[in-house]
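Values below: all heavy atoms of this structure, side chains included; hydrogens, waters and symmetry mates excluded. No experiment lies behind these values; they were computed from the predicted model shown. Whatever order the structure lists ligands and atoms in, that order sets their numbers, starting from 1. For this chain, numbers begin at 1 and follow the sequence in order.
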Amino acid sequence: MTEPFVKTPGWLDWYDGPSQPRFVPPAGAVDAHCHVFGPGAAFPFAPERKYTPCDASRAQLYALRDHLGFSRNVVVQATCHGADNRAMIDAVAGAAGRARGIATVRRDIADRDLEAMHAAGVRGVRFNFIRRLVDFTPREELIEIARRIAPLGWQVVIYFEAPDLPELWDFFTALPTPVVVDHMGRPDVGKPVDGPEFALFQRLLAEHPNIWTKVTCPERLSITGPPALNGERHPYRDVIPFARHLVETFPDRVIWGTDWPHPNLKGHMPDDGLLVDVIPQIAPTPTLQQKLLVDNPMRLYWPDEAVPGRS
Ligand code: 0GY
């Protein structure tokens with residue numbers, strides 16, 4: 001018998017018992033960034049992983065979807081599973097067409113395996129440049145992967161931190177697919193929203209119409225943090241101007257997600273109900289909310305299906 005996985009010391013489990021959000025998402029809303037972890041007994045974590053999480057199953061993910069009033073999910077391969085995509089594909093397969101997947105692949109993957117992933121609902125690959133999460137992969141290997149997935153109509157999801165953007169710029173802007181940036185390019189929200197670092201990120205989107213961004217992870221980016229324990233439902237104030245600015249400037253190229261089950265958080269685990277209540281602060285009108293939660297993710301992940309709320 002194999003030993004059960006032991007969580008990384010200090011690992012925070014996801015918050016079981018999220019509140020009911022006050023904000024009601026539009027019909028057909030998509031949680032476009034979330035993960036599953038294992039369960040480890042069924043889908044072992046990868047030997048090369050940088051952390052060992054708690055379990056977070058597909059049944060728990062879809063229970064959260066229903067609780068929050070969402071309809072669909074995009075399940076992003078978590079780094080703790082390396083390039084073994086079985087847990088993510090199992091989750092997508094268990095959603096009856098209401099989930100898509102983003103995989104991690106290596107350059108030696110066979111064409112028939114990419115095609116099988118497409119049939120299972122995978123629509124992209126993630127390139128991760130965060131050193132605490134993954135080992136370095138040479139750029140020529142990544143560009144080779146991008147060229148091979150482009151004919152399938154897939155996207156490349158990129159994860160990096162704002163100080164690394166200048167060095168990565170030429171690589172990102174040469175990608176031959178739609179490109180989706182995780183978590184707004186991880187700005188330092190202690191810096192001004194109209195400062196040079198965030199301006200560079202906006203230039204990336206302004207000059208490259210194939211580049212989109214997820215306005216996600218206030219809980220990860222915030223310095224001011226969650227609300228005090230006084231019932232106030234306005235957490236993560238410092239992140240809101242950054243997300244709102246992107247939603248208002250690029251309303252047709254932003255998507256939103258919970259990031260459940262919130263890997264690698266230190267200090268606190270968010271209440272996903274509160275995260276949903278951040279949405280009307282970053283997308284203040286019904287038109288922007290419809291684009292952010294429905295029209296845009298449907299265009300990226302279900303382009304052949306009718307868009308809820310649009311006749
Ligand atoms: C996120 C962020 C993180 C982790 C991962 O796949 C992962 O391990 O994505 C992180 O630690 O910042 O998007 O979930």
Shortest protein heavy-atom distance from [atom], along with the residue and atom involved:
atom	answer
atom 6 (O) of ligand 1	Thr79 N, 2.8 Å
atom 13 (O) of ligand 1	His183 NE2, 2.6 Å
atom 4 (C) of ligand 1	Pro263 CG, 3.6 Å
atom 12 (O) of ligand 1	Tyr159 OH, 2.6 Å
atom 1 (C) of ligand 1	Asp259 OD1, 3.3 Å
atom 9 (O) of ligand 1	Arg126 NH1, 2.8 Å

- request: Answer yes when Arg58 and Asp90 have at least one side-chain N-carboxylate O distance shorter than 4.0 Å, and no when they do not.
  value: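 Looking at Arg58 and Asp90, the cut-off is met.
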
**Prompt:** Hey, is Arg131 close enough to Glu161 for a salt bridge, meaning N to O under 4.0 Å?
**Reply:**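 No.
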
At what distance, to the nearest 0.5 angstrom, does CH2 of Trp260 lie from CG of Leu68?
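These two atoms lie 11.0 Å from each other.
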
Q) Do His245 and Gln202 have side-chain N/O donor and acceptor atoms under 3.5 Å apart? A)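 His245 vs Gln202: donor-acceptor pair found between side chains.
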
* If you count the atoms of ligand 1 from 1 in the order shown, which ones are under 4.0 Å from a heavy atom of Ala78? ->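 Near Ala78, meaning under 4.0 Å from one of its heavy atoms, ligand 1 has 6 (O).
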
- request: Just jot down the ligand 1 atoms closer than 4.0 angstrom to any heavy atom of His35, in number order.
  value: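 Matching atoms, with element in brackets: 1 (C), 9 (O), 13 (O), 14 (O).
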
Run the contact test for [X] against ligand 1 with a 4.0 Å cut-off on heavy atoms, strictly below, and give the result.
X	result
Leu133	yes
Arg186	yes
Arg220	yes

Pair Met298-Arg310, side-chain contact (heavy atoms from CB on, under 4.5 Å): steps then yes or no:
CA-CA 11 Å; Met298 287 299 289; Arg310 299 271 182 233; over 6 Å; no

| Any cation-pi pair here, Arg139 with Phe171, using under 6.0 Å and within 45°? |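 Flagged: Arg139 positioned over aromatic ring of Phe171.
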
- Task: For a side-chain contact (heavy atoms from CB on, under 4.5 Å) with Arg186, tell me which candidate from Phe160, Tyr159, Phe201 qualifies.
- Result: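 Testing each of Phe160, Tyr159, Phe201 against Arg186, the sole residue satisfying side-chain contact (heavy atoms from CB on, under 4.5 Å) is Tyr159.
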
Based purely on interatomic distance, does Arg132 place a nitrogen or oxygen under 3.5 Å from a nitrogen or oxygen of ligand 1?
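Yes: some nitrogen or oxygen of Arg132 is under 3.5 Å from one in ligand 1.
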
- Task: Go through the steps for Met117 and Ile109 under the test side-chain contact (heavy atoms from CB on, under 4.5 Å), then give the verdict.
- Result: CA-CA 11 Å; Met117 281 192 193; Ile109 189 163; 3.8 Å; yes

Verify, without hydrogens or angle tests, whether Asp272 (side chain) and Pro18 (backbone) share a donor-acceptor contact under 3.5 angstrom.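 Between the backbone of Pro18 and the side chain of Asp272 there is no qualifying donor-acceptor contact (under 3.5 Å).
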
For His262, which part has a heavy atom under 4.0 Å from ligand 1: side chain, backbone, both, or neither?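 Neither; no heavy atom under 4.0 Å.
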
